[in-house]
Amino acid sequence: MVKTFSFGIMHISVAFLVVWAMTGDWRIGGATALVEPCVNTVAYHFHEKVWKRWQRRRAPREEGKAALAA
């Protein structure tokens with residue numbers, strides 16, 4: 001969870017700086033930085049859960065292929 005939180009802080013900072021640089025308006029940069037990275041951080045959490053589930057389902061197939069090759 002600490003890793004996810006630090007990723008979120010970094011993402012918010014980058015989003016703010018990029019949008020501020022593109023628009024010249026710190027308010028638009030701030031609004032974007034509050035919405036997009038927060039949604040993306042939550043999406044990342046669920047992506048990790050789905051990814052781990054996919055890996056667990058794939059592992060038995062990979063073990064079976066290794067046994068056939070041996």
Side-chain angles (χ1 to χ4, degrees):
M1 193 65 184
V2 173
K3 180 183 173 186
T4 301
F5 180 73
S6 68
F7 174 77
I9 296 298
M10 182 199 63
H11 196 135
I12 289 168
S13 301
V14 170
F16 172 76
L17 292 171
V18 168
V19 175
W20 183 22
M22 290 175 64
T23 65
D25 189 340
W26 65 269
R27 292 170 295 198
I28 295 173
T32 303
L34 290 176
V35 175
E36 191 275 336
C38 293
V39 172
N40 202 2
T41 299
V42 172
Y44 174 78
H45 170 75
F46 289 107
H47 175 268
E48 286 292 306
K49 291 179 90 165
V50 170
W51 188 264
K52 286 178 184 177
R53 184 180 302 151
W54 180 74
Q55 286 181 323
R56 283 193 306 266
R57 288 182 181 172
R58 189 171 173 218
R61 284 187 247 152
E62 295 298 324
E63 290 172 8
K65 288 179 185 177
L68 290 175

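With values rounded to the nearest 0.5 angstrom, Met22 atom CE is found 9.5 Å from Thr32 atom OG1.
The nearest pair of heavy atoms linking Trp26 to Trp20 is N-CD1, 3.5 Å.
Judged by distance alone, with hydrogens and angles left aside, the side-chain atoms of Ser6 form a donor-acceptor pair with the main-chain N or O of Lys3 at under 3.5 Å.
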Side-chain polar contacts of residues 9-19 - donor-acceptor pairs under 3.5 angstrom, sequence neighbours left out - could you list them?
from, atom 1, to, atom 2, distance (Å)
His11, NE2, Glu36, OE1, 2.9
Ser13, OG, Ile9, O, 3.0

Side-chain donor-acceptor distances from residues 45-57 under 3.5 Å, at least two apart:
none

